[in-house]
Amino acid sequence: MNMTVSEAVQSRRSVRAFLDKPVERETLARILEKAQRSPSGGNTQPWHGIVLTGEPMQKLFARVAQDLPKGREAFAPEYHVYPPELDGAYELRRRGVGEDMYGALEISREEKGKRLMWFANNFRAFGAPVLMLVHTPNYMGPPQWSDIGMWLQTIGLLCREEGLDTCFQEAWAVYSPQIREMVDIPDDHIFFCGVAIGHRDPDAPVNNFSVARAPIEESVRWEGWQ
(Lines give C-alpha, C1' and ligand atoms only; values in the text may rest on other atoms or scores of the structure.)
Protein backbone atom coordinates (compact mmCIF):
# COMPACT_ATOMS: atom_id res chain seq x y z
CA MET A 1 0.00 0.00 0.00
CA ASN A 2 1.45 3.36 -1.02
CA MET A 3 0.92 5.75 1.88
CA THR A 4 2.69 8.90 3.01
CA VAL A 5 3.62 9.41 6.66
CA SER A 6 0.97 12.14 6.84
CA GLU A 7 -1.68 9.75 5.51
CA ALA A 8 -0.66 7.10 8.03
CA VAL A 9 -0.88 9.61 10.90
CA GLN A 10 -4.28 10.90 9.74
CA SER A 11 -5.79 7.46 9.23
CA ARG A 12 -4.41 5.83 12.39
CA ARG A 13 -6.91 5.53 15.23
CA SER A 14 -7.70 3.17 18.09
CA VAL A 15 -9.61 0.45 16.25
CA ARG A 16 -12.07 -1.44 18.44
CA ALA A 17 -13.67 -3.78 15.91
CA PHE A 18 -11.59 -6.06 13.69
CA LEU A 19 -12.45 -8.36 10.80
CA ASP A 20 -12.07 -12.12 11.15
CA LYS A 21 -9.07 -12.10 8.86
CA PRO A 22 -5.60 -13.45 9.72
CA VAL A 23 -2.38 -11.46 9.73
CA GLU A 24 0.73 -13.06 8.25
CA ARG A 25 3.71 -13.52 10.56
CA GLU A 26 5.97 -12.28 7.75
CA THR A 27 4.06 -8.99 7.66
CA LEU A 28 4.41 -8.49 11.41
CA ALA A 29 8.09 -9.42 11.30
CA ARG A 30 8.65 -6.81 8.57
CA ILE A 31 6.86 -4.17 10.67
CA LEU A 32 8.79 -5.02 13.84
CA GLU A 33 12.13 -5.09 12.02
CA LYS A 34 11.50 -1.58 10.69
CA ALA A 35 10.25 -0.38 14.09
CA GLN A 36 13.64 -1.23 15.60
CA ARG A 37 14.76 2.08 14.07
CA SER A 38 12.51 3.97 16.51
CA PRO A 39 14.19 6.75 18.54
CA SER A 40 15.81 5.52 21.74
CA GLY A 41 17.81 7.60 24.21
CA GLY A 42 21.34 6.20 24.43
CA ASN A 43 20.19 3.43 22.06
CA THR A 44 18.90 1.46 25.08
CA GLN A 45 15.93 0.04 23.10
CA PRO A 46 14.03 -0.87 26.30
CA TRP A 47 10.97 -2.38 24.59
CA HIS A 48 10.02 -6.05 24.75
CA GLY A 49 7.02 -7.65 23.06
CA ILE A 50 5.36 -11.06 23.03
CA VAL A 51 3.23 -11.58 19.92
CA LEU A 52 0.27 -13.90 20.50
CA THR A 53 -2.19 -15.48 18.13
CA GLY A 54 -4.22 -18.69 17.95
CA GLU A 55 -4.41 -20.99 20.96
CA PRO A 56 -2.06 -19.09 23.31
CA MET A 57 -4.08 -15.92 22.79
CA GLN A 58 -7.40 -17.72 23.31
CA LYS A 59 -6.10 -19.30 26.53
CA LEU A 60 -5.21 -15.84 27.84
CA PHE A 61 -8.68 -14.56 26.94
CA ALA A 62 -10.26 -17.52 28.75
CA ARG A 63 -8.13 -16.95 31.87
CA VAL A 64 -9.08 -13.29 32.10
CA ALA A 65 -12.75 -14.13 31.44
CA GLN A 66 -12.72 -16.16 34.67
CA ASP A 67 -12.03 -13.00 36.68
CA LEU A 68 -14.15 -10.52 34.72
CA PRO A 69 -17.22 -11.13 36.95
CA LYS A 70 -15.15 -10.08 40.01
CA GLY A 71 -14.96 -6.51 38.71
CA ARG A 72 -12.39 -4.24 40.31
CA GLU A 73 -11.60 -6.88 42.95
CA ALA A 74 -9.53 -8.68 40.35
CA PHE A 75 -7.66 -5.56 39.18
CA ALA A 76 -3.95 -5.42 40.02
CA PRO A 77 -2.16 -3.00 37.67
CA GLU A 78 1.56 -2.53 38.16
CA TYR A 79 1.33 1.22 37.53
CA HIS A 80 -1.33 3.96 37.40
CA VAL A 81 -2.90 3.87 33.95
CA TYR A 82 -4.05 7.46 34.61
CA PRO A 83 -2.61 9.70 37.33
CA PRO A 84 -4.94 9.79 40.38
CA GLU A 85 -4.74 13.60 40.26
CA LEU A 86 -5.69 13.88 36.58
CA ASP A 87 -7.95 16.91 36.21
CA GLY A 88 -8.78 19.94 34.09
CA ALA A 89 -8.56 19.65 30.31
CA TYR A 90 -6.77 16.30 30.54
CA GLU A 91 -9.63 14.66 32.45
CA LEU A 92 -12.22 16.34 30.24
CA ARG A 93 -10.55 14.91 27.13
CA ARG A 94 -10.37 11.43 28.67
CA ARG A 95 -14.05 11.46 29.64
CA GLY A 96 -15.08 13.12 26.40
CA VAL A 97 -13.64 10.46 24.11
CA GLY A 98 -15.30 7.77 26.22
CA GLU A 99 -18.70 9.42 25.93
CA ASP A 100 -18.22 9.91 22.19
CA MET A 101 -17.39 6.23 21.82
CA TYR A 102 -20.45 5.09 23.79
CA GLY A 103 -22.53 7.55 21.80
CA ALA A 104 -21.39 5.88 18.58
CA LEU A 105 -22.36 2.54 20.12
CA GLU A 106 -25.73 4.00 21.21
CA ILE A 107 -25.10 3.00 24.84
CA SER A 108 -26.33 5.64 27.28
CA ARG A 109 -24.67 6.57 30.57
CA GLU A 110 -27.54 4.88 32.42
CA GLU A 111 -26.95 1.53 30.70
CA LYS A 112 -24.18 0.42 33.06
CA GLY A 113 -24.54 -3.26 32.21
CA LYS A 114 -24.12 -2.65 28.49
CA ARG A 115 -21.08 -0.47 29.15
CA LEU A 116 -19.49 -3.21 31.24
CA MET A 117 -20.22 -5.75 28.52
CA TRP A 118 -18.55 -3.51 25.98
CA PHE A 119 -15.56 -2.94 28.30
CA ALA A 120 -15.10 -6.72 28.40
CA ASN A 121 -14.33 -6.61 24.65
CA ASN A 122 -10.96 -5.13 25.60
CA PHE A 123 -9.98 -8.54 26.89
CA ARG A 124 -10.74 -10.26 23.62
CA ALA A 125 -8.59 -7.68 21.82
CA PHE A 126 -11.77 -6.44 20.09
CA GLY A 127 -11.70 -9.47 17.82
CA ALA A 128 -8.18 -8.87 16.49
CA PRO A 129 -6.24 -11.96 15.39
CA VAL A 130 -3.04 -10.74 17.07
CA LEU A 131 -2.29 -9.39 20.53
CA MET A 132 1.18 -8.15 21.45
CA LEU A 133 2.04 -7.84 25.14
CA VAL A 134 4.60 -5.16 25.98
CA HIS A 135 6.93 -5.16 28.98
CA THR A 136 10.22 -3.60 30.13
CA PRO A 137 12.66 -3.98 33.06
CA ASN A 138 11.36 -2.59 36.35
CA TYR A 139 14.24 -0.13 36.72
CA MET A 140 13.50 1.71 33.47
CA GLY A 141 12.41 5.30 34.09
CA PRO A 142 10.24 7.89 32.32
CA PRO A 143 12.77 8.51 29.50
CA GLN A 144 12.76 4.81 28.60
CA TRP A 145 8.96 4.61 28.81
CA SER A 146 8.97 7.51 26.36
CA ASP A 147 11.14 5.39 24.06
CA ILE A 148 8.58 2.57 24.29
CA GLY A 149 5.87 5.04 23.31
CA MET A 150 7.84 6.08 20.23
CA TRP A 151 8.34 2.41 19.33
CA LEU A 152 4.61 1.75 19.64
CA GLN A 153 3.73 4.79 17.53
CA THR A 154 6.16 3.62 14.88
CA ILE A 155 4.53 0.19 14.88
CA GLY A 156 1.10 1.81 14.56
CA LEU A 157 2.15 3.85 11.54
CA LEU A 158 3.92 0.94 9.87
CA CYS A 159 0.79 -1.14 10.38
CA ARG A 160 -1.18 1.49 8.48
CA GLU A 161 1.35 1.28 5.64
CA GLU A 162 0.66 -2.47 5.51
CA GLY A 163 -3.12 -1.99 5.54
CA LEU A 164 -3.42 -3.02 9.20
CA ASP A 165 -4.74 -1.26 12.27
CA THR A 166 -4.01 -1.26 15.98
CA CYS A 167 -5.42 -0.50 19.37
CA PHE A 168 -2.94 0.29 22.12
CA GLN A 169 -4.59 -1.24 25.19
CA GLU A 170 -3.36 -0.09 28.58
CA ALA A 171 -6.58 -1.69 29.86
CA TRP A 172 -4.70 -5.02 29.90
CA ALA A 173 -2.56 -3.65 32.76
CA VAL A 174 -5.37 -4.27 35.25
CA TYR A 175 -4.94 -8.02 34.75
CA SER A 176 -1.16 -8.21 35.08
CA PRO A 177 -1.19 -11.22 37.48
CA GLN A 178 -3.47 -13.21 35.20
CA ILE A 179 -1.30 -12.38 32.19
CA ARG A 180 1.80 -13.56 34.06
CA GLU A 181 0.09 -16.87 34.79
CA MET A 182 -0.35 -17.50 31.08
CA VAL A 183 2.64 -15.79 29.45
CA ASP A 184 6.30 -15.83 30.44
CA ILE A 185 7.10 -12.25 31.42
CA PRO A 186 10.29 -11.97 33.54
CA ASP A 187 9.69 -11.27 37.23
CA ASP A 188 11.99 -8.26 37.09
CA HIS A 189 9.98 -6.70 34.24
CA ILE A 190 6.88 -4.51 34.50
CA PHE A 191 3.96 -5.26 32.23
CA PHE A 192 2.87 -2.18 30.26
CA CYS A 193 0.13 -2.79 27.70
CA GLY A 194 -1.42 -4.91 25.01
CA VAL A 195 -1.55 -4.04 21.32
CA ALA A 196 -4.41 -5.45 19.24
CA ILE A 197 -3.38 -5.82 15.59
CA GLY A 198 -5.53 -6.75 12.62
CA HIS A 199 -7.76 -5.54 9.80
CA ARG A 200 -10.23 -2.78 10.65
CA ASP A 201 -13.94 -3.40 10.27
CA PRO A 202 -14.73 -0.31 8.16
CA ASP A 203 -18.46 -0.48 8.87
CA ALA A 204 -18.34 -0.68 12.66
CA PRO A 205 -19.67 2.54 14.25
CA VAL A 206 -17.01 2.34 16.97
CA ASN A 207 -14.37 2.77 14.25
CA ASN A 208 -16.02 5.80 12.69
CA PHE A 209 -16.85 8.36 15.37
CA SER A 210 -14.87 11.59 15.36
CA VAL A 211 -12.07 11.83 17.93
CA ALA A 212 -11.51 15.45 18.93
CA ARG A 213 -7.97 16.77 19.25
CA ALA A 214 -6.98 19.97 21.01
CA PRO A 215 -5.67 22.85 18.86
CA ILE A 216 -1.90 23.22 19.04
CA GLU A 217 -2.38 26.55 20.87
CA GLU A 218 -3.27 24.51 23.96
CA SER A 219 0.02 22.61 23.96
CA VAL A 220 2.61 24.64 22.03
CA ARG A 221 4.12 28.05 22.77
CA TRP A 222 6.20 29.91 20.16
CA GLU A 223 9.14 32.10 21.14
CA GLY A 224 11.59 34.03 19.00
CA TRP A 225 9.41 33.85 15.88
CA GLN A 226 8.43 36.90 13.85
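Note: hydrogens, waters and symmetry copies are ignored here, and every other heavy atom, side chains too, is used.
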4.5 Å side-chain heavy-atom contact, [X] and [Y]:
X      : Y      : result
Ile190 : Trp145 : yes
Arg95  : Tyr90  : no
Arg160 : Ser11  : yes
His199 : Asp165 : no
Ile179 : Leu133 : yes
Lys34  : Glu161 : yes
Ile148 : Thr136 : yes
Cys159 : Ile155 : yes

Item to check | Cation-pi check, Arg109 onto Tyr102 ring (under 6.0 Å, within 45° of axis) | outcome: no

Checklist entry - Is it the case that Arg63 places NZ or CZ above or below the six-membered ring of Phe123, under 6.0 angstrom from the centre and within 45 degrees of the axis? => result no

Indicate the atoms forming the closest heavy-atom contact of [X] with [Y], along with that distance.
X      : Y      : answer
Thr53  : Pro129 : OG1-O, 2.6 Å
Ala17  : Asn207 : O-ND2, 2.9 Å
Lys114 : Ile107 : CB-CG2, 3.7 Å

If the threshold is 4.0 Å, N to carboxylate O, is there a salt bridge linking [X] and [Y]?
X     : Y      : value
Glu91 : Arg94  : yes
Glu55 : Lys59  : yes
Glu99 : Arg93  : no
Glu78 : Arg180 : yes

If you round to the nearest 0.5 Å, how far is [atom2] of [Y] from [atom1] of [X]?
X      : Y      : atom1 : atom2 : value
Leu131 : Ile197 : CG    : CD1   : 8.0 Å
Arg30  : Leu158 : CZ    : CG    : 10.5 Å
Arg115 : Met101 : CZ    : CE    : 8.0 Å

Among the clusters formed by ILVMFWY side chains lying less than 4.5 Å apart, do [X] and [Y] turn up in the same one?
X      : Y      : value
Phe126 : Val211 : yes
Leu60  : Phe168 : no
Phe18  : Trp118 : yes
Ile50  : Val64  : yes

Checklist entry - Tell me, which pairs form a ring-ring contact (aromatic ring centres under 6.0 Å, His included) where one or both residues lie in residues 36-60, sequence neighbours left out? => result Trp47-Trp151, His48-His135, His48-His189

Next on the checklist: Once ring-ring contact (aromatic ring centres under 6.0 Å, His included) is applied, what residue pairs with a partner in residues 51-76 remain, sequence neighbours excluded?
Outcome noted: Phe75-Tyr175

Next on the checklist: Using the ring centroid of each side chain, check whether Trp172 and Phe192 are separated by less than 6.0 Å.
Outcome noted: no

Next on the checklist: Please determine whether side-chain hydrogen bond (donor to acceptor under 3.5 Å, both in side chains) holds for the pair Gln178 and Asp67, giving the CA-CA distance in whole Å, both sets of side-chain angles, and the decisive distance to 0.1 Å.
Outcome noted: CA-CA 9 Å; Gln178 294 86 342; Asp67 285 347; 2.9 Å; yes

Item to check | Atom CD of Glu218: over 12 foreign heavy atoms under 6.0 Å | outcome: yes

